[in-house]
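Below is one structure; the comments refer to it alone.
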Amino acid sequence: QVQLVESGGGSVQAGGSLRLSCVSSGYTYSHNCMGWFRQAPGKEREGVAGINTGGGLTYYADSAKGRFTISEDSAKNTVYLQMNNLKPEDTAMYYCAGASYGGSWCGAFVLKMYNYWGQGTQVTVSS
């Protein structure tokens with residue numbers, strides 16, 4: 001049974017930082033696309049960052065470029081999202097997602113391509 005478990009969310013002031021973690025189990029971790037998505041109240045879920053695990057390329061939404069960094073620790077089956085210079089508009093539930101394969105499509109953040117989703121971790125940024 002595949003499980004993706006996020007952690008690291010919280011409440012910070014604008015300009016602050018958080019690091020989210022996504023630990024996977026029962027999942028073929030290497031050479032698959034994993035991504036971070038977020039959903040604010042009343043808005044659609046949107047992609048933030050993606051990575052082809054096993055040392056592959058990373059991808060970022062325009063809103064994340066220059067502020068967020070996605071990385072992995074393959075020994076721990078864990079993907080991270082380092083978020084710096086947070087803004088109130090970053091407030092959302094953040095979800096980790098995993099696909100069954102990788103590729104350049106990973107940067108397109110197409111929700112239906114992901115087979116597995118975590119429960120989410122809340123990020124709240126106050127001004």
Side-chain angles (χ1 to χ4, degrees):
Q1 182 179 357
V2 174
Q3 279 193 312
L4 303 179
V5 180
E6 305 99 331
S7 62
S11 297
V12 297
Q13 290 191 325
S17 298
L18 285 172
R19 188 177 81 153
L20 307 183
S21 300
C22 172
V23 180
S24 62
S25 59
Y27 175 64
T28 303
Y29 177 84
S30 188
H31 301 104
N32 287 330
C33 173
M34 294 193 73
W36 284 98
F37 291 77
R38 67 186 183 187
Q39 188 167 18
K43 294 189 176 182
E44 293 186 352
R45 191 169 297 190
E46 63 177 2
V48 176
I51 185 169
N52 279 304
T53 58
L57 294 177
T58 58
Y59 308 89
Y60 297 94
D62 288 343
S63 60
K65 288 178 181 175
R67 299 188 300 128
F68 295 2
T69 303
I70 189 170
S71 63
E72 62 169 332
D73 184 338
S74 57
K76 297 181 179 180
N77 284 2
T78 300
V79 173
Y80 302 99
L81 183 67
Q82 177 67 44
M83 304 187 295
N84 298 328
N85 190 22
L86 283 161
K87 304 175 181 180
E89 51 263 43
D90 294 318
T91 295
M93 185 72 78
Y94 282 70
Y95 297 93
C96 174
S100 296
Y101 56 99
S104 58
W105 65 266
C106 193
F109 305 116
V110 178
L111 273 67
K112 65 180 181 180
M113 300 295 286
Y114 294 84
N115 305 89
Y116 309 105
W117 292 84
Q119 300 276 34
T121 185
Q122 178 68 37
V123 172
T124 302
V125 185
S126 58
S127 58

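What you see below is based on every heavy atom in this structure, not just the backbone, and it leaves out hydrogens, waters and symmetry mates.
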same_hphob_cluster(M34, Y95) at 4.5 Å side-chain heavy-atom cutoff = no
Using modelled atom types only, decide if a donor and an acceptor are shared between the side chain of S24 and the backbone of N77 within a distance under 3.5 Å.
-> yes
Would a 4.5 Å heavy-atom cut-off, applied to side chains only, mark T124 and V12 as touching?
-> no
Backbone N or O of G54 within a donor-acceptor pair of the E72 side chain at under 3.5 Å?
-> yes
Over all atoms of both residues, closest heavy-atom pair of A40 and A92 = N-CB, 3.8 Å
Restricting to pairs with a member in residues 101-110, which pass side-chain hydrogen bond (donor to acceptor under 3.5 Å, both in side chains), not counting sequence neighbours?
-> none
What closest approach, in Å, do G8 and L18 show between heavy atoms, and which atom pair accounts for it?
-> O-CD2, 3.8 Å
With sequence neighbours excluded, what pairs up with K112 under the salt bridge (charged side-chain N to carboxylate O under 4.0 Å, His left out) test?
-> none
Hphob cluster co-occupancy, Y114 + L57, side-chain heavy atoms under 4.5 angstrom | yes
Might you point out which heavy atoms bring N115 and S100 nearest each other, and give the distance in Å?
-> OD1-OG, 2.8 Å
What distance separates I51 CD1 from C33 SG, expressed to the nearest 0.5 Å?
-> 9.5 Å
Any donor and acceptor pair, going by atom type alone, linking the side chain of T121 with main-chain N or O of G9 inside 3.5 Å?
-> yes
Thinking salt bridges, do K65 and D62 make one under a 4.0 Å N-O criterion?
-> yes
Kindly indicate whether the side chain of L111, heavy atoms from C-beta on, has any atom under 4.5 Å from the side chain of F37.
-> yes
Less than 6.0 Å separating the ring centroids of Y27 and Y116?
-> yes
Measure the spacing between SG of C22 and CG of L81 and express it to the nearest 0.5 Å.
-> 10.5 Å
Write out all pairs satisfying side-chain hydrogen bond (donor to acceptor under 3.5 Å, both in side chains) with one or both partners inside residues 39-53, taking only residues at least two apart or from two chains.
-> R38-E46, Q39-R45, N52-Y59
Can you hop from Y80 to L4 via hydrophobic side chains spaced under 4.5 Å?
-> no
Non-hydrogen atoms of S127 and P88 that approach each other most closely | CB-CG, 3.9 Å
Can you measure from CD (Q119) to SG (C96) and round to the nearest 0.5 angstrom?
-> 12.0 Å
Stepwise side-chain contact (heavy atoms from CB on, under 4.5 Å) check, S71 with Q82 | CA-CA 8 Å; S71 63; Q82 177 67 44; over 6 Å; no
Check whether any side-chain heavy atom of V123 lies under 4.5 Å from a side-chain heavy atom of T91, and answer yes or no.
-> no
Pair T78-D73, side-chain donor/acceptor within less than 3.5 Å | no
Trace of the side-chain contact (heavy atoms from CB on, under 4.5 Å) decision for F109 with V48 = CA-CA 8 Å; F109 305 116; V48 176; over 6 Å; no
Could you state the interatomic distance from CG (N85) to CZ (R67), rounded to the nearest 0.5 Å?
-> 6.0 Å
Does the side chain of I70 reach to within under 4.5 Å of the side chain of V79, using non-hydrogen atoms?
-> yes
Indicate, with yes or no, if the rings of W36 and F68 have centres closer together than 6.0 Å.
-> no
side-chain contact (heavy atoms from CB on, under 4.5 Å) partner of Y94, the single match among M83, E6, Q122 = M83
